[in-house]
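This report refers to the structure that appears directly beneath it.
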Number of protein chains: 2
Amino acid sequence: MFVRITTDQTSRPNSLKHFRLASSSNPIVNLGEYTYKKGKEIYGEKEPAKYVYLVTRGAVRSYKLLSDGRRQIGAFHLVGDIFGLENGGTHRFTTEAVVETTLRLMKRQSLELVAEKDTLVSRDLLGLTTSNLQHAEDHMLLPGRKTSLEKVAAFLLEMDERLTAAGKISLPMSRRDIADYLGLTLETVSRAVSQLHKAGILEFIGSTQREIAILDRGLLARIDLHN
Amino acid sequence: MFVRITTDQTSRPNSLKHFRLASSSNPIVNLGEYTYKKGKEIYGEKEPAKYVYLVTRGAVRSYKLLSDGRRQIGAFHLVGDIFGLENGGTHRFTTEAVVETTLRLMKRQSLELVAEKDTLVSRDLLGLTTSNLQHAEDHMLLPGRKTSLEKVAAFLLEMDERLTAAGKISLPMSRRDIADYLGLTLETVSRAVSQLHKAGILEFIGSTQREIAILDRGLLARIDLHN
DNA sequence: CGGGGGCTTGAGGCCACTCAACGATAGTGG
DNA sequence: CCACTATCGTTGAGTGGCCTCAAGCCCCCG
């Protein structure tokens, strides 16, 4: 049996760890790829967790709905990220495709069956959960960030780390998504981004407002004052 | 070898899972009990994680300091809770005794050594991490809660779940601790508690303001509107 | 009894939210 | 190709809630 999830430890000290699945071509766990249209639900909260997903194209948002209609986004899953692994067997978040997204599916049960016999695999499942935990812990620090500017700066730095493609950030998500991730309103997010633009910290590329180049990463980090 | 961490699944649907260590008397992993005075640091952020701790008396706060002196508390560890298990081998938070606290220490390495050979133990370490993750995910929903009243209500409900002793909540932590946990100021927390008191939702017991009886749990939950 | 820590309460200011209007872009169909 | 529309983003004005600063109270402990 050859199933291994290996950690990519090359990232910066406090950055997220992303996992790569070496066995993605293994027919026993791999169930092929599926493409979800923009806004399509992948699974709902409290549904049984049958599959584990690897993002090969696009982006996914993971959120909970409050009774009054507010939405709290807990995480964005980007290309290369694995999500959907729930130890309890039940999903705790609803997930949707942010844009047109391709996912590689794996049977959760198969993975666990392997983990049962292979301690190394089991350790790597732990590593995956730890990675999620670390992200959640980082996100937990968010309420400590006072101003909207700090929060948006922290968000941009996170995205810069995770989907940097040659100095340019191509945000797949809308201002509303960002707002629901940060606990702000979309107007406040927009104002913060505008402010960073006027301050010369970032630049818009192209016609859309989702392609951003960060000009002064150091200043952004100082605004964030994470750590 | 007989080391098992068993999950306590008797709690309510969305509540925290607490873990009990069946092998606490095992001399190989158990290194005895230590008592920490109020305010004493147990370990610092970025220190190597040598031990895993079980709270047998008191309470522990786990926090990070921002560069401008602000403090974000990520979790409170109460009697029966296990903390200090860091997969990376380095602590990501600083921990302090909130009040005089007794901890049972275990060598992290011993636990991992056992886990290496015993898949069941390995699974339970995963379970512990999952439990932490679940708490972090719940706490991540906090920024989505708009008002200070909602946040304080959510906090009281959490504490009610975790340290209920015959209908009375004995909070070990100060208003400042609560504030740093919720991302509010201590004055705002105080005002929110006062408001709940005036509304007849809770009652103070004794001379201190840390002994609280919740009179209308249903109303509290409606204020929280978690889920 | 004085001191200090913890908690409450009040007054005022600022920042994020709310409501609203407008502009830009992309997709649709005539 | 050009309306037409819908979605997304920006910007403005006004309000309200949380923070800040401050004073005072209570309880514990020396």
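Fair warning: this is a prediction, and the values are worked out from it, not measured in the lab.
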(message) I want to confirm an ordering. Mapping R191(A) and S190(B) to their closest nucleotides on DNA chain C, which one lands closer to the 5' end?
(response) S190(B)
(message) If you compare every side-chain N and O of S174(A) against the phosphate oxygens of dC8(D) (OP1, OP2), does one of them come in below 4.0 Å?
(response) no
(message) Categorize G183(A) for me: base, sugar-phosphate, or nothing, with a 4.0 angstrom heavy-atom threshold over every strand shown.
(response) sugar-phosphate
(request) Classify the side chain of Q209(B) versus the base of dC27(D) as yes if they form a donor-acceptor pair under 3.5 Å and no if they do not. (result) no
(request) Nearest-nucleotide wise, let me know which of K146(A) and R210(A) is further upstream toward the 5' end of DNA chain D. (result) R210(A)
(request) In whole angstrom, give the distance that lies between atom CD of E187(A) and atom C1' of dC8(D). (result) 12 Å
(request) Whole angstrom is fine here: how far is it from CZ in R176(B) over to C1' in dG6(C)? (result) 11 Å
(request) Between T208(A) and L184(A), name the one whose nearest nucleotide on DNA chain C is closer to the 5' end. (result) L184(A)
(request) Using only side-chain N and O atoms of S207(B), determine if any of them is under 4.0 Å from OP1 or OP2 of dC27(D). (result) no
(request) Would you confirm whether T56(A), through its side chain, and T102(A), through its main-chain N or O, come within 3.5 Å as a donor-acceptor pair? (result) yes
(message) Rounded to whole Å, please give me the gap between CG in L171(B) and P in dG6(C).
(response) 15 Å
(request) May I have the distance from K151(B) (atom NZ) to dG17(D) (atom P), rounded to whole angstrom? (result) 14 Å
(request) Give the rounded distance in Å between these two atoms: NE2 of H197(B) and P of dC7(C). (result) 16 Å
(message) Expressed as a whole number of angstroms, how long is the span from R70(B):CZ to dC18(D):P?
(response) 17 Å
(message) Output the rounded distance in Å from CG (L196(B)) to C1' (dT8(C)).
(response) 15 Å
(request) Measure the acute angle between the ring planes of F204(B) and H197(B), then classify it against the limits of 30° and 60° as parallel, tilted or perpendicular. (result) perpendicular
(message) Between S148(B) and dC18(D), is there a contact of a side-chain N or O with OP1 or OP2 at under 4.0 Å?
(response) yes
(message) Heavy atoms only, 4.0 Å cut-off, all strands: where does L186(A) land among base, sugar-phosphate and nothing?
(response) base
(request) Determine whether the side chains of E158(A) and H135(A) contain a donor N or O and an acceptor N or O closer than 3.5 Å. (result) yes
(message) Rounded to whole Å, how long is the line connecting atom CZ of F204(A) with atom C1' of dA24(C)?
(response) 13 Å
(request) In plain terms, say whether R71(A) and D177(A) are close enough for a salt bridge, that is, a side-chain N and a carboxylate O under 4.0 Å apart. (result) yes
(request) Just compare dC18(D), dC21(D), dC17(C) and give me whichever is closest to any side-chain atom of T188(A). (result) dC17(C)
(request) Could you tell me whether Y43(A) and Y53(A) have their ring centroids closer than 6.0 angstrom? (result) yes
